[in-house]
Visitor: 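There's a structure below that I have some questions on.
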Amino acid sequence: MRIATWNVNSLRSRIDRVEAFLERHDVDVLALQETKAREDQLPLMGLQARGYDVAAHGIDQWNGVALVSRVGLSEVQVGFPGQPGWGETLKSEARAIGATCGGVRIWSLYVPNGRKPDDPHYVYKLDWLARLREASTEWLDAPTALVGDWNICPTDDDVFDPAQFRNSTHVTPAERAAFQAFLDGGWTEVTRSYAPGYTYWDYYRQRFERDRGLKIDFVLGSPSLAERVNGAFIDREERAGQGASDHAPVVVELAD
DNA sequence: ATGGTCGGCTTCCGA
């Protein structure tokens, strides 16, 4: 079974690329982030005609997450137990959707960006991660994958210029500790060993052409999921050319 | 420090 995760940066503007990507790589389950649409706005007819089921959640033009599966899609859950709600000044609540696909529990996650370390969104990000980690301990005993845009660079190797990013969000010790807490708790990041390199490049300053990016999209597996992983890759081709998302998809291969 | 480029309920905001 092939699972993929992709911050698509608007599903409506890239639905053709999504359909082509699924077929090009024979993907069974695709987790999407930053769909940037409410459920009723999503262009799903093409996917459904191709035999894919879709579960999506979005409440406005910001963010939004979805799961696309051709191996079944059941027990859909929007948000995780304890997921903190937003205050008056924070935007967009759609951050997590989970479902069982092909016997695997998959969560499409859009970890809050954080903006800046002195911003309320940064505090929310750390709170969100702490509550996800608490909720996710219950899922370790089953084959489970926590996939998506984590908006964290776990090491300096995951940043094209660590000096430039000092004191910025994505690289602070607190964010790295929040990510490490998942690993310490029993989750395994299953893509890095097979697929080194960045997964995100800013649109401006020709960051992709110069390979000046960040590694922020990850797949964390429970023990029974991680032991089935026998490959992974980053689809860098998808980031090239006109009309690309600023993230490349990450694909994971699971043994049957 | 600044600005660069995208998408979207577009003349600003969020990333």
Side-chain angles (χ1 to χ4, degrees), chain A residues 5-21 31-44 56-66 84-96 108-129 147-154 158-172 175 178-179 198-218 235-250:
Chain A
T5 180
W6 188 10
N7 181 322
V8 72
N9 188 18
S10 170
L11 185 53
R12 280 176 290 175
S13 72
R14 256 174 282 286
I15 185 63
D16 293 346
R17 277 179 174 262
V18 168
E19 292 175 1
F21 164 77
L32 293 161
Q33 301 88 35
E34 288 206 66
T35 51
K36 291 190 174 177
R38 303 184 311 267
E39 288 110 292
D40 61 288
Q41 296 177 308
L42 291 173
L44 305 179
H57 184 57
I59 58 174
D60 53 30
Q61 74 270 40
W62 313 112
N63 307 310
V65 287
W86 289 81
E88 291 284 313
T89 61
L90 306 179
K91 291 198 173 178
S92 187
E93 210 159 344
R95 300 282 183 176
S108 179
L109 305 171
Y110 183 68
V111 174
N113 175 284
R115 299 191 183 184
K116 291 179 177 174
D118 61 357
D119 192 293
H121 289 82
Y122 177 86
V123 177
Y124 179 80
K125 177 182 194 174
L126 294 177
D127 186 28
W128 194 95
L129 285 162
V147 317
D149 179 355
W150 289 75
N151 273 318
I152 298 171
C153 302
D158 303 322
V159 192
F160 69 88
D161 184 355
Q164 184 181 133
F165 275 77
R166 277 184 59 199
N167 304 319
S168 298
T169 183
H170 292 48
V171 306
T172 63
E175 289 164 282
F179 187 86
Y198 305 131
T199 63
Y200 162 84
W201 301 259
D202 253 322
Y203 280 124
Y204 41 75
R205 291 197 169 182
Q206 296 187 300
R207 288 267 172 86
F208 178 69
E209 288 76 4
R210 297 153 65 203
D211 196 27
R212 293 168 72 78
L214 307 176
K215 193 175 187 67
I216 54 178
D217 299 273
F218 297 103
D235 183 11
R236 288 179 60 105
E237 290 272 313
E238 179 53 53
R239 178 62 181 81
Q242 290 290 310
S245 168
D246 45 2
H247 291 248
V250 181

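Reminder, nothing fancy here: chain letters follow the sequence lines and each chain counts from 1.
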Visitor: Taking only nitrogen or oxygen atoms into account, show me every contact under 3.5 Å that the protein makes with nucleotides 4-7 of chain B, one pair per line with its distance.
Guide:
residue, atom, partner, partner atom, Å
dG7(B), O3', Ser10(A), OG, 3.1

Visitor: Distance check, C1' atoms only: dG7(B) and dT11(B), in whole angstrom units.
Guide: 15 Å
Visitor: For nucleotides dT2(B) and dC6(B), find the distance between their P atoms and express it as a whole number of Å.
Guide: 23 Å
Visitor: Which is true for Glu34(A) with a 4.0 Å heavy-atom rule: it touches a base, it touches only sugar-phosphate, or it touches nothing?
Guide: sugar-phosphate
Visitor: Does the plane of the ring in Phe208(A) sit parallel, tilted or perpendicular to the ring in Trp201(A)? Use 30° and 60° as the thresholds.
Guide: perpendicular
Visitor: Considering only atom P, compute the distance from dA1(B) to dG14(B) and round it to an integer number of Å.
Guide: 23 Å
Visitor: Is it the case that more than 12 heavy atoms not belonging to Arg210(A) sit under 6.0 Å from its CZ atom?
Guide: yes
Visitor: Can you tell me the distance, in whole Å, between the CG atom of Asn63(A) and the P atom of dG14(B)?
Guide: 11 Å
Visitor: Expressed in whole Å, how much space separates the P atoms belonging to dA15(B) and dC9(B)?
Guide: 15 Å
Visitor: Could you tell me whether Arg239(A) and Asp211(A) have a side-chain N and a carboxylate O separated by less than 4.0 Å?
Guide: no
Visitor: Output the rounded distance in Å from CD (Gln164(A)) to C1' (dT2(B)).
Guide: 11 Å
Visitor: Are Ser108(A) and Gln33(A) linked by a side-chain donor-acceptor pair shorter than 3.5 Å?
Guide: yes
Visitor: Measure from CD1 on Ile152(A) to C1' on dA15(B) and round the result to the nearest Å.
Guide: 16 Å
